[in-house]
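Worksheet: one structure, shown below.
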Amino acid sequence: MRLYEDTLIEWLKVFVHSDVHPSGARRKRPSAPPVSEEEMRQAEAALGFTLPPLLRRLYLEVSNGDFGPGLLRLNDDPSSHRQSYPPSLVSWYVEYRSATQQYLDEWWGDEEEDRPMVCPEKLMKIADWGCNIYSCLDCTKEACPVLRNDNNISFRTFAIEAPSLHQWLEDWLDGKQLFWLDWDTAEKITFPLG
């Protein structure tokens, strides 16, 4: 059943304030308060584009990350003198977009056919599952599909986790174990080099 966006936001707020998932599982660490409009403006200026409406609402109304299926923080904590781990959505995107294909080719060499690529525009890591496995959001599409990037399998081929950010979050609220993706049967997208 598809929840309306406002209902989805309200359910996520309940979770953030209760620290208990609807399945009864407890969260490992507390969520940060939502970001301010000024923090959002700074993040979008660093990214070079406006975040999709639902993602924007999550950060402005629910929390600055660390909730749901492990949504990354929007920005690193400015009061901290070191970068957080995992890095924030903004710092990860800016770092990966700054790499050139020439740099990656020189670093990687000709040893592997499937070598790292320059991060496509508006493809952002939104969750770090550990072990070089990430959930990414394709912000070039209106629905914002969530894609699995498993660098242990491929640097350029991504599996579709959910057709939209909304569905991904709703699946999580319904208790679906999002980490357990059947890579072999999932629909794939391969990004070109360069």
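These numbers come from the heavy atoms of this one structure, side chains and all, not from hydrogens, waters or symmetry mates.
Remark: P69 engages W129, W168, L169, W172, L178 in a side-chain contact (heavy atoms from CB on, under 4.5 Å) (not counting sequence neighbours). In this structure, the side chain to side chain donor-acceptor pair (under 3.5 Å) partners of K125, at least two apart in sequence or on a different chain, are Y96. For the side chain to side chain donor-acceptor pair (under 3.5 Å) test, residues two or more places apart in sequence or in another chain that qualify with D182 are T185. For A43, the side-chain contact (heavy atoms from CB on, under 4.5 Å) criterion is met by L74, N75, V90, not counting sequence neighbours. E38 pairs by the side-chain contact (heavy atoms from CB on, under 4.5 Å) definition with S36, R41, Q42, not counting sequence neighbours. Scanning for side-chain contact (heavy atoms from CB on, under 4.5 Å) contacts around N132 gives Y134, N151, N152, with sequence neighbours left out. Listed by chain and number, the residues in a salt bridge (Lys or Arg N to Asp or Glu O under 4.0 Å) with D138 are K141 (sequence neighbours excluded). Taking the salt bridge (Lys or Arg N to Asp or Glu O under 4.0 Å) definition, one finds that D6 meets it with R57, sequence neighbours left out. Here K13 pairs with E10 under the salt bridge (Lys or Arg N to Asp or Glu O under 4.0 Å) rule; sequence neighbours left out. E44 is linked by a salt bridge (Lys or Arg N to Asp or Glu O under 4.0 Å) to R56, counting only residues two or more places apart in sequence or in another chain.
With values rounded to the nearest 0.5 angstrom, S154 atom OG is found 8.0 Å from N149 atom CG. Between the OH atom of Y4 and the NE2 atom of H166 there is a distance of 10.5 Å, given to the nearest 0.5 Å. To the nearest 0.5 Å, atom CD1 of residue I189 and atom CZ of residue F158 are 9.0 Å apart.
Inter-residue side-chain proximity for C139 and M124 is flagged as met; some heavy-atom pair is nearer than 4.5 Å. For the pair V35/L60, a side-chain contact is recorded, criterion being any heavy-atom separation below 4.5 Å from C-beta on. Considering only heavy atoms from C-beta on, P163 stays 4.5 Å or farther from P145 through its side chain. Counting heavy atoms from C-beta on, the side chains of E61 and L12 never come closer than 4.5 Å. Counting heavy atoms from C-beta on, the side chains of E39 and Y59 never come closer than 4.5 Å.
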Verify side chain to side chain contact (heavy atoms under 4.5 Å, CB included) between D66 and L72, making sure each step is shown before the conclusion.
CA-CA 6 Å; D66 294 333; L72 296 173; over 6 Å; no
Steps toward side chain to side chain contact (heavy atoms under 4.5 Å, CB included) verdict (L71, V62)
CA-CA 11 Å; L71 192 70; V62 179; over 6 Å; no
Given side chain to side chain contact (heavy atoms under 4.5 Å, CB included), test I9 with L54 step by step and report yes or no.
CA-CA 9 Å; I9 294 287; L54 177 56; 4.0 Å; yes
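Checked against L123 for a side chain to side chain contact (heavy atoms under 4.5 Å, CB included), the options L137, L147, T140 give a single hit: L147.
Among residues at least two apart or in separate chains, salt bridge (Lys or Arg N to Asp or Glu O under 4.0 Å) pairs with a member in residues 158-167 are R148-E161.
Contact record, T157 with W183: O-CH2, 3.3 Å, taken as the closest heavy-atom pair.
With D128 contributing its side chain and G130 its backbone, the two residues share a donor-acceptor pair below 3.5 Å.
Sparse packing is recorded around CD of E187, with 12 or fewer heavy atoms of other residues, nucleotides or ligands lying under 6.0 Å away.
Between F49 and Y93, the distance separating the two ring centers is shorter than 6.0 angstrom.
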